[in-house]
Amino acid sequence: MLSVLALTSVVLLGIASQTTAIVVYTSWEKHASVGTDVRLSCSFFSWQWTSPDVTFSWHYRADGAKEGISIFHYAGGAPYLDTKGPFRDRIEFVGNPSRRDGSILIKNVDLGDNGTFTCDAKNPPDIAGHPSSVRLMVFETVPVQAGVITGAIIGVVLGLLILIVAIYYLMRFLVARRVFSLSMSKHGKKGKGKEGSQQKQASAVMDPAKLKAAASEKKKQESRREKK
């Protein structure tokens with residue numbers, strides 16, 4: 001009885017911990033070139049329905065800086081943009097809170113914008129969770145990422161493998177078709193040869209004149225042998 005009660009209490013505690021947890025998601029790293037606009041995505045998972053009191057907060061810490069600053073906050077159904085910091089007039093809220101999306105858009109990025117952007121979300125009563133961060137890297141010209149090159153190489157290799165397999169099965173089909181044609185032609189010739197010999201024998205048996213001539217020739221040969 002005590003073990004059952006203990007197990008029940010553990011399950012209830014697990015459910016209670018799930019109903020108060022929230023998981024926030026962002027990209028790991030974002031690359032951009034100078035002068036472009038960058039979307040920083042933020043979403044969350046929660047065991048509860050999306051609350052009308054859902055909140056999103058964005059903080060920014062520049063590369064080399066020890067502390068971060070608040071640059072955006074969404075609460076009470078309204079966004080509050082940065083009007084004094086380095087991103088004033090350059091932040092736009094492009095998320096959809098009803099779909100658990102708290103994304104922002106940074107306009108006209110510059111090399112000085114390099115740093116870490118951290119998003120935190122709350123969906124009462126789910127408020128226990130950890131913020132998620134994305135690192136923004138701004139370049140004069142965005143370099144080709146190694147992942148893109150690797151993906152292209154994998155795509156080419158897969159394409160070649162598919163082509164090789166298709167050629168292999170096509171060659172097998174053509175060889176089988178050729179063997180079948182040769183086999184049919186040989187059987188046809190043999191059949192025609194047998195039919196010809198059978199037709200000759202049948203014609204010889206059915207023709208009386210040929211039978212008489214053959215008998216006469218046989219008698220002549222026997223008489224010649226007796227004379228000798």
Side-chain angles (χ1 to χ4, degrees), residues 17-48 50-157:
S17 63
Q18 287 181 343
T19 56
T20 58
I22 185 170
V23 183
V24 183
Y25 301 97
T26 61
S27 303
W28 175 256
E29 194 172 81
K30 196 78 173 182
H31 293 180
S33 56
V34 173
T36 61
D37 299 343
V38 179
R39 180 189 176 102
L40 301 179
S41 300
C42 177
S43 60
F44 68 86
F45 170 80
S46 171
W47 290 98
Q48 298 290 334
T50 304
S51 169
D53 297 324
V54 63
T55 64
F56 292 97
S57 298
W58 281 91
H59 289 77
Y60 166 72
R61 182 173 60 84
D63 285 347
K66 294 182 179 180
E67 296 182 357
I69 59 173
S70 177
I71 60 173
F72 174 81
H73 187 68
Y74 177 93
Y80 297 90
L81 306 176
D82 178 26
T83 58
K84 296 181 180 180
F87 299 100
R88 61 182 179 274
D89 302 326
R90 291 198 295 139
I91 294 182
E92 180 182 348
F93 181 58
V94 292
N96 187 343
S98 63
R99 295 188 177 182
R100 307 184 173 190
D101 182 3
S103 303
I104 59 174
L105 185 72
I106 308 295
K107 300 179 181 178
N108 192 25
V109 296
D110 198 355
L111 296 175
D113 296 334
N114 285 323
T116 302
F117 293 78
T118 302
C119 176
D120 192 15
K122 305 295 183 186
N123 185 41
D126 287 0
I127 57 174
H130 297 283
S132 182
S133 299
V134 52
R135 186 163 185 264
L136 176 63
M137 301 179 67
V138 183
F139 301 91
E140 290 289 349
T141 303
V142 178
V144 178
Q145 298 181 18
V148 175
I149 298 175
T150 304
I153 293 174
I154 293 174
V156 171
V157 171

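For the atom pair CG (Leu40) and CG (Leu136), the distance works out to 6.5 Å, reported to the nearest 0.5 Å. Distance check, rounded to the nearest 0.5 Å: OH of Tyr74 to CG of Leu81 gives 12.0 Å. Within the model, atoms CD1 of Ile22 and CH2 of Trp47 stand 13.0 Å from one another, a figure rounded to the nearest 0.5 Å. For the atom pair NZ (Lys84) and CG (Asp89), the distance works out to 13.5 Å, reported to the nearest 0.5 Å.
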Going by atom type alone, with no hydrogens or angles, which donor-acceptor pairs under 3.5 Å involve a side-chain atom of residues 103-110 and a protein atom two or more places apart or on another chain?
residue, atom, partner, partner atom, Å
Ser103, OG, Cys42, N, 3.3
Ser103, OG, Asp101, OD1, 2.6
Lys107, NZ, Glu92, OE1, 3.3

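Residues Pro86 and Ile69 meet the side-chain proximity criterion, which asks for heavy atoms closer than 4.5 Å. Two residues are said to be in side-chain contact when any heavy atoms from C-beta on lie closer than 4.5 Å; Val54 and Phe44 meet this criterion. Using a 4.5 Å heavy-atom cutoff, the side chains of Ser43 and Tyr25 are in contact.
Pairing each heavy atom of His73 with each of Ser57, the nearest pair is ND1-OG, 2.7 Å. Heavy-atom minimum distance, Val24 versus Cys119: CG1-O, 3.7 Å. Residues Pro97 and Thr50 share a closest heavy-atom pair of O-CG2, 3.4 Å. The two atoms that bring Gly115 and Asp63 nearest to each other are CA-OD1, 3.3 Å, heavy atoms only. Closest of all the heavy-atom pairs between Ser33 and Glu140 is CB-O, 4.1 Å.
Listed for the Asn123 side chain is a donor-acceptor partner under 3.5 Å among the backbone atoms of Ser51. Although no hydrogens or angles enter the test, the distance criterion places a donor-acceptor pair under 3.5 Å between the side chain of Thr26 and the main chain of Ser133.
Aromatic ring orientation, Phe117 versus Trp58: perpendicular (interplanar angle above 60°, classes split at 30° and 60°).
Of the options Arg135, Arg61, Arg90, Lys30, a salt bridge (Lys or Arg N to Asp or Glu O under 4.0 Å) to Asp113 is made by Arg90 and by none of the others.
For Phe93 and Phe72, the distance between ring centers is under 6.0 angstrom.
A salt bridge is absent between Asp37 and Arg39: the closest approach of a Lys/Arg side-chain nitrogen to an acidic carboxylate oxygen does not fall below 4.0 angstrom. Residues Asp53 and Lys122 are not paired through a salt bridge, judged by the lack of any N-O separation under 4.0 Å between the basic side chain and the carboxylate.
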